[in-house]
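Inspection log for the structure reproduced underneath, given as structure tokens.
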Amino acid sequence: MAGRINDEDVKAVRDAVPIDAVVSEYLQLRNAGGGNLKGLCPFHDEKSPSFQVSPSKGLFHCFGCQEGGDTITFVMKIDHLTFSEAVERLAGQAGITLRYEEGGYNPSHQRGERIRLVEAHKIAAQWYAEQLATSPEADTGRAFLAERGFDQAAAEHFGVGYSPQGWDHLTRFLRGKGFSDKELLLSGLSQEGRRGPIDRFRGRLMWPIRDIGGDVVGFGARKLYEADNGPKYLNTPDTAIYKKSQVLYGIDLAKKDIAKASRAVVVEGYTDVMACHLAGVTTAIATCGTAFGGDHIKILRRLLMDNGSARVIFTFDGDAAGQKAALRAFEDDQKFAAETYIAIAPDGMDPCDLRLAKGDDAVADLVEPRTPLFEFALRQIVARYDLDTPAGRAAALDEAAPVVARIKNSGAQHEVAVQLAGMLGILDTQFVVKRVAQLARWARERGGKGPAPDRSQRGGGDGPQRYAPRAQAAPRGPALNLRNPVFATERELLKLALQRPELVSPAFDAYGVDEFTAPPYAAVREAILEAGGAESGVHDPQGYLVRVREAAPDDTVRAMVTELAVEAIMLHRGVKDVDEVYAGAQLVTVRRRAVERRIRDITGRLTRLSGHGDPAELAAVQNELWVLQQYDQNLREHGAAAL
């Protein structure tokens, strides 16, 4: 069993790897003000960015789904790693050697399963690449690439390799590197043979498939020999680190340019990605043996920031299979805020063939936006009907109108509805426009989900029935009415204590937990107390936040700590800066309200004691009331100086 990683090393990893550098490997970040960055949350679907990163504090928080934490937490959540695995990965990036409390320095048998599988793939990719470059047997693979316009430099850039035809060359090599048979089978690099594990890929050209972070997680293998009875392309099976519906080939190379240009080009194969990149289209990516779907969209949306100016261009073969793929892609079109287009090369050539036939400029020209994907889908639908008959035109309208209703821009929707009327030969243009508008309205009233109701659901033709709004996810922790000024001020004071402890120390540390009336805020105050108080954060801000999060009693409070540490401080009207004056005002407001609550309690007690209470007790209560009233007056007159 792996030993516990030394606490000092964990802290060193947190300090060495900036959280914004790690997060930006997975999504595009933009300035959010106040030193924070924002982007589309990778943990839930959203249209506008509510995911914020605070580089100075080393924390992230999503104000939509409430996920939050530090760099290690982010890596754990995004790549489904254990704590140790996440620390090990980040330590490897930072060049930090980890110490383990129960036995030495980072021995291989102590590595997490995912880390081991990724390491096996990394070594396998290097070995396959060496085989392609040096093995006489790989002549067939080199010839295959050369015929398609790829030299050795191109192969090295994309990490292309070759798997020998023998039964267990890679298996034996990885055993020699210390990997167990169990690990080789779990990785998908080997499979069970009659006498033990054998290589899964044999006699094939190998493309390493990397995740968005750059780790090799699988392979795409192309058949080279007629004697090979397997499929033309063979991919790694789903494993703990590889899910074909969640990876895009080339994303590691393309992600920065996709984010920079707000544009992505989706092609169909590995060689098409290579051809595009070598032709200067460095935003090209491809799916890995599966149709383009929802999980792929999530990856692209995070990189594109999914704004209306973004472009996604699909390239498909002009044959029936390519047209079918394009229509499948259109089914998910509404999940993008980006505009989607389709590009079909002349003579049905894919980008690889086009580059060979007409050169790099032809490939670059191909992927310039030409035909909107919805227009292509409409033409495919209309072509299936006999438009010379009224019945054919009506049937085509029934299928095509919902497609037009999906168009996000209302002005474009109206214009395309007019075009559809012309395509169908329907002279009454307004009839088509109204039909599309009606379908779009029904879709909105259903929250954008599902088809419009059929006639049995439309209330006898008097318009759509009113649908109940979609159920929202239950909020974490007790509901807080932030319009309540008490809660709002407590929240601001806690944000100051976490983000700017130098402005509220040492006064804040004298505040009792009971001075915070919202239970979640009281719990956060308790966690700050357990972590050594706000004053301890003046000289070590990041270590202080780590301690506060660790002191939280549960994930709900921990999430609240992260949220308050990342959320922007809300300045009141007329206030320009977060300074000692502003902080003092929050301290005074929270303290005065606590004093006022105590005064009310004591006043009630005096009422109960009047007439029949013990004289000594009555005098003591009257004295306490007088002291509190004097303190409240001083706070009112002198502000923070009276604390």
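We're numbering straight along the sequence, starting at 1.
Residues R116 and F179 form a side-chain contact, since some pair of their non-hydrogen atoms from C-beta on lies under 4.5 Å apart. For the pair V53 and N36, the minimum side-chain heavy-atom distance is 4.5 Å or more. Two residues are said to be in side-chain contact when any heavy atoms from C-beta on lie closer than 4.5 Å; I5 and S84 meet this criterion. You'll find the side chain of Q586 reaches within 4.5 Å of the side chain of Y582, heavy atoms only. A 4.5 Å side-chain heavy-atom check between T489 and R593 finds at least one atom pair inside the cut-off. In this structure, I528 and R525 have side chains that are in contact, with non-hydrogen atoms separated by less than 4.5 Å.
No more than 12 heavy atoms of other residues, nucleotides or ligands shown are found within 6.0 angstrom of CD on E8. Heavy atoms of other residues, nucleotides or ligands lying less than 6.0 angstrom from NZ of K122 number 12 at most.
In summary, K298 and E46 do not engage in a salt bridge, as defined by a charged side-chain N under 4.0 Å from a carboxylate O. With respect to the salt-bridge test (charged N to carboxylate O, under 4.0 angstrom), the residues K495 and E492 qualify. Contact check on R597 versus D601 returns no salt bridge, with no Lys/Arg side-chain nitrogen under 4.0 Å from an Asp/Glu carboxylate oxygen. Salt-bridge annotation for E624 and R598: present, with a side-chain N of the basic residue lying under 4.0 Å from a carboxylate O of the acidic one. Using a 4.0 Å cut-off between charged side-chain N and carboxylate O, R636 and D632 make a salt bridge.
Here the NZ-CD distance, from K38 to Q28, works out to 11.5 Å after rounding to the nearest 0.5 Å. Note that CG of L493 is 5.0 Å distant from CG of L587, once rounded to the nearest 0.5 Å. How far CG of L300 is from CG of L27: 13.0 Å, rounded to the nearest 0.5 Å. The line from OG of S50 to CG of L40 is 8.0 Å long, rounded to the nearest 0.5 Å. Here L248 contributes atom CG and I212 contributes atom CD1; the two are 8.5 Å apart, rounded to the nearest 0.5 Å. Once rounded to the nearest 0.5 Å, the distance linking CD of E535 with OH of Y544 reads 11.0 Å.
Checking S262 against R311 by side-chain atom types alone, no donor-acceptor pair falls below 3.5 Å. Judged purely by distance below 3.5 Å, without hydrogens or angles, the side chains of T517 and E490 pair a donor atom with an acceptor atom. For the residue pair T283 and D257, no side-chain donor N or O sits within less than 3.5 Å of a side-chain acceptor on the partner. Side-chain contact of E563 with H61: a donor-acceptor pair under 3.5 Å is present, judged by distance alone. Between the side chains of Q633 and Q629, not a single donor N or O lies within less than 3.5 Å of an accepting N or O.
In this pair, F43 and F74 present their aromatic rings perpendicular. The plane angle is above 60°, beyond the 30 to 60° band.
A cation-pi arrangement, defined by a distance under 6.0 Å to the six-membered ring centre and an angle within 45 degrees of its axis, is absent between R4 and Y100. For R591 and Y511, the positive end sits near the middle of the six-membered ring, less than 6.0 Å away and at most 45° from its axis.
Residue G39 comes nearest to P49 through the heavy atom pair O-CB, 3.2 Å, listed as atom of the first residue, atom of the second, then distance. Contact record, F487 with Y521: O-CE1, 3.3 Å, taken as the closest heavy-atom pair. G69 approaches T562 most closely through the heavy-atom pair N-CG2, 3.3 Å. In this structure, G218 and Y242 approach most closely via the heavy-atom pair CA-CD1, 4.1 Å.
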Before giving the answer on salt bridge (charged side-chain N to carboxylate O under 4.0 Å, His left out), spell out for D211 and R114 the whole-Å C-alpha distance, their side-chain angles and the decisive distance to 0.1 Å.
CA-CA 13 Å; D211 62 16; R114 189 186 192 282; 3.7 Å; yes

CA sep, side-chain torsions, deciding dist, call: F83, I72, side chain to side chain contact (heavy atoms under 4.5 Å, CB included):
CA-CA 7 Å; F83 177 82; I72 297 172; 3.7 Å; yes

Kindly determine whether H121 and D215 satisfy side chain to side chain contact (heavy atoms under 4.5 Å, CB included), including the steps that lead there.
CA-CA 8 Å; H121 276 80; D215 287 331; over 6 Å; no

Under the side chain to side chain contact (heavy atoms under 4.5 Å, CB included) rule, what do Y631 and L643 come out as? Steps first, then yes or no, please.
CA-CA 9 Å; Y631 183 42; L643 288 171; 4.1 Å; yes

Should Y26 and R302 be marked as a side-chain hydrogen bond (donor to acceptor under 3.5 Å, both in side chains) after you check the CA-CA gap, both sets of side-chain angles, and the distance that decides it?
CA-CA 7 Å; Y26 297 85; R302 296 199 298 267; over 6 Å; no

Under the criterion salt bridge (charged side-chain N to carboxylate O under 4.0 Å, His left out), I'd like the reasoning laid out for R301 against D45: C-alpha separation, chi angles, the key distance, then a yes or no.
CA-CA 9 Å; R301 287 181 64 233; D45 282 332; 3.6 Å; yes

Would you check, one step at a time, whether the test salt bridge (charged side-chain N to carboxylate O under 4.0 Å, His left out) holds for R500 with E502?
CA-CA 5 Å; R500 301 292 302 275; E502 74 279 5; 2.5 Å; yes

Where do V13 and L98 land on the side chain to side chain contact (heavy atoms under 4.5 Å, CB included) test, with the steps shown first?
CA-CA 9 Å; V13 168; L98 298 175; 4.1 Å; yes

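Separation of the F63 and F51 ring centroids does not fall under the 6.0 Å cut-off.
With R14 as the partner, the salt bridge (Lys or Arg N to Asp or Glu O under 4.0 Å) test is satisfied by one option alone out of D7, D540, D70, D9: D70. Under the side chain to side chain contact (heavy atoms under 4.5 Å, CB included) test applied with I241, the options L186, V216, L117 reduce to a single match, L117.
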